Amino acid sequence: MCGLVGMVGKSNVAADIYDALTVLQHRGQDAAGIMTCSNGRFNQRKREGLVRDVFQQHHMERLQGPIGIGHVRYPTAGSFGTALAQPFYVNSPYGIALAHNGNLTNSEQLAKELFQDDLRHLNTDSDSEVLLNIFAHEMQTLGKLSPVADDIFKAVEAVHRRCRGGYAAVAMVVDYGVVGFRDPNGIRPLVVGKRDSEQGEEYMLASESVALDVLGFEMIDDVAPGEAVFIDRQGQLHRRQCAAKTRLSPCIFEHVYFARPDSLMDGVSVYKTRMRQGEYMARKILRERPNHDIDVVIPIPDTSRIAAQSLATALDIKFREGFMKNRYIGRTFIMPGQSQRKKSVRQKLNPVPLEFDGKNVMLVDDSIVRGTTCRQIIQMARDAGAAKVYFASAAPPVRYPNVYGIDMPTASELIAHNRSVEEVCELIGADWLVFQDLEDLVACSHEGNIHADGFDCSVFDGNYITGDIDQAYLDQLAAQRSDEARKQSKAGLQEEGAIVGLYNDAS
Ligand SMILES: O=P(O)(O)OC[C@H]1O[C@H](OP(=O)(O)OP(=O)(O)O)[C@H](O)[C@@H]1O
Ligand SMILES: NC(=O)CC[C@H](N)C(=O)O
Ligand SMILES: [Mg+2]
């Protein structure tokens with residue numbers, strides 16, 4: 001789940017893009033990049049690492065220009081490394097750069113077409129490079145020396161005709177402006193906002209509204225499914241629906257885990273949704289065990305805190321912060337390998353023994369995916385003296401791979417895949433395990449926006465809303481992206497040295 005920023009300002013935008021990327025860091029910890037444009041030249045800095053490590057003063061100084069885009073990466077396709085960091089760039093036509101959040105499900109087919117029909121070379125195995133080249137090819141076929149908004153929209157229309165999957169993107173056309181667009185199902189999020197400056201209005205596109213808030217932009221709107229929003233270099237905003245058939249089916253896992261709670265996505269307050277998740281969980285707990293003996297509710301920081309608090313309030317049970325979080329360790333789920341994830345849980349969380357000693361504790365997490373976190377946490381609770389350890393997940397069991405931009409490619413790595421709740425409970429070592437029901441989770445989100453046509457819940461129900469996913473695709477994805485496959489590809493990459501990429505090295 002990557003983070004995107006695009007900006008058209010009245011003076012240099014790099015510092016604002018940097019700040020917005022730090023606000024979106026929770027969406028991707030692997031690599032970061034910024035590209036700006038001034039007087040017909042692109043300036044770029046991208047590398048593996050967190051935003052604060054990638055950009056130093058001298059990089060910021062050379063990122064000149066009043067328009068730019070930025071990206072934080074959490075890989076879901078292709079390999080790792082600086083050459084795969086975004087934005088991507090093509091020199092023809094015009095000079096176009098693009099940053100992408102999501103995953104194209106037909107990227108292999110598109111890569112073939114790009115080579116055989118469009119005569120374009122791809123230098124990486126990133127689906128984002130495919131998306132950029134499709135957009136660039138469609139701009140090229142229009143054959144305009146000076147493109148206008150209408151041309152950008154025609155190219156986005158063609159992107160929607162050719163691309164499948166989940167995608168939100170920001171692209172910059174040299175000296176013309178920045179366009180943001182979203183797939184026809186609105187799976188991945190994108191918002192647009194504006195701010196007044198002394199020289200006139202400035203615009204920002206971002207994955208989450210929280211980036212706009214922090215930078216002083218007022219939210220204009222969510223980019224609609226299939227819509228494109230183009231802000232030209234002069235600061236004029238143009239928008240158009242570019243897809244023939246659209247529906248609003250945003251990814252529900254954004255509400256469960258990915259998004260920051262202070263974000264508003266498609267009209268849904270992530271914070272309020274998580275509050276409702278806790279309330280619905282409390283009802284389920286009372287349905288299952290009206291005479292439960294829970295003494296205390298303890299969240300597993302960070303994401304579950306809000307749901308855990310409302311759950312405790314609804315049950316009228318004490319809420320206690322029984323685990324302290326090391327603030328210098330990032331999110332473990334979006335780390336690239338299982339051994340790193342496993343080690344980080346223990347480094348990240350440490351129990352406060354007096355909250356556990358002799359008590360029946362109900363631990364609450366937002367979700368159980370691979371089971372890395374809950375297994376260790378339950379053991380920690382027992383070691384800290386808990387009498388009974390109950391566990392509640394504010395989301396239903398994750399049983400199916402994600403194909404739209406979340407790194408859950410392999411069913412067999414998911415602890416609940418092909419397992420009953422009782423089996424998972426035994427495997428993680430809990431005394432009682434309660435999962436949210438899917439219809440309740442959907443209700444929590446739907447209450448936030450009754451106009452949504454639905455939500456992408458594929459990781460919970462295996463129903464892939466783009467309708468193009470079959471077992472062969474899932475098998476191929478698992479073969480390419482399982483933890484095991486990735487260990488090997490990373491080793492291969494290091495042996496061969498970095499692939500050719502248009503990026504700056506560590507200097
Ligand atoms: O079952 P698992 O595979 O362990 O995945 C689920 C866990 O991973 C996430 O936490 P993470 O540490 O990434 O982030 P957080 O601090 O935002 O909770 C999520 O909040 C769960 O705690
Ligand atoms: N999480 C994402 O949005 C990933 C974007 C893109 N598929 C990549 O792997 O770089
Ligand atoms: Mg967590």
Side-chain angles (χ1 to χ4, degrees), residues 1-4 24-31 33 46 71-81 83-88 98-105 107 124-132 165-169 187-189 207 251 253-254 256-261 274 299-308 323 325-327 329-336 338 340-342 344-349 363-378 391 393-395 397-398 402-409 413-416 424 427-428 459 481 483:
M1 195 66 49
C2 306
L4 305 176
L24 298 177
Q25 186 78 79
H26 60 282
R27 299 183 66 84
Q29 302 171 161
D30 220 67
K46 61 179 187 175
H71 188 261
V72 283
R73 181 171 191 233
Y74 160 57
T76 62
S79 36
F80 300 83
L84 273 283
Q86 301 193 30
F88 276 98
L98 178 140
H100 162 224
N101 169 209
N103 195 53
L104 300 187
T105 50
S107 64
T124 70
D125 49 4
S126 163
D127 61 331
S128 310
E129 194 188 8
V130 169
L131 182 63
L132 166 60
Y167 51 93
I187 299 175
R188 301 269 66 98
S207 296
C251 170
F253 213 68
E254 292 275 358
V256 170
Y257 168 71
F258 263 101
R260 258 179 61 155
R274 291 186 187 160
I300 298 172
D302 260 330
T303 301
S304 71
R305 278 199 170 119
I306 299 161
F323 289 103
K325 193 189 135 196
N326 176 346
R327 69 179 71 198
I329 304 283
R331 299 185 110 180
T332 49
F333 174 72
I334 61 174
M335 285 175 178
Q338 185 59 8
Q340 201 182 343
R341 285 186 214 112
K342 226 167 164 172
S344 297
V345 174
R346 194 62 191 91
Q347 285 179 331
K348 179 170 163 173
L349 298 168
L363 306 182
V364 180
D365 210 346
D366 53 86
S367 57
I368 297 177
V369 182
R370 295 179 178 87
T372 321
T373 309
C374 58
R375 277 198 232 213
Q376 294 192 57
I377 288 286
I378 289 168
F391 203 97
S393 161
V398 172
N402 185 284
V403 299
Y404 302 128
I406 304 177
D407 192 31
M408 299 179 195
E413 288 171 7
L414 306 171
I415 193 166
V424 177
L427 212 58
I428 66 175
V459 296
R481 297 199 60 80
D483 275 331

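Numbering of ligands and ligand atoms starts at 1, following listing order. Owing to the predicted nature of the structure, the values given are computational and were not obtained by experimental measurement.
- At under 3.5 Å, not a single nitrogen or oxygen of Ser367, backbone or side chain, sits near a nitrogen or oxygen of ligand 1.
- For the pair Lys325 and ligand 1, the shortest N or O to N or O distance does not fall below 3.5 Å.
- The shortest N or O to N or O distance between Gln86 and ligand 2 is under 3.5 Å.
- On a distance-only criterion, Gly371 and ligand 1 share at least one N/O pair closer than 3.5 Å.
- Contact annotation for Ser128 and ligand 2: only side-chain heavy atoms (C-beta onward) come within less than 4.0 Å of the ligand.
- At the shortest separation from atom 3 (O) of ligand 1 among protein heavy atoms lies Arg370 N, 2.8 Å.
- An N or O contact shorter than 3.5 Å links Ala77 to ligand 2 by distance.
- Neither the backbone nor the side chain of Arg188 has any atom closer than 4.0 Å to an atom of ligand 2 (non-hydrogen atoms only).
- Shown in contact with Pro75 at under 4.0 Å from a heavy atom are these atoms of ligand 2, numbered in order with element: 9 (O).
- Remark: among candidates Thr373, Thr332, Asp365, Ile300, the nearest residue to atom 22 (O) of ligand 1 is Asp365, based on non-hydrogen atoms.
- For the ligand labelled ligand 1, residue Asp366 lies inside the 4.0 Å heavy-atom shell.
- Under the 6.0 Å distance and 45° angle rule, Lys46 counts as a cation-pi partner of Phe88.
- The backbone and the side chain of Thr76 each have at least one atom closer than 4.0 Å to an atom of ligand 2 (non-hydrogen atoms only).
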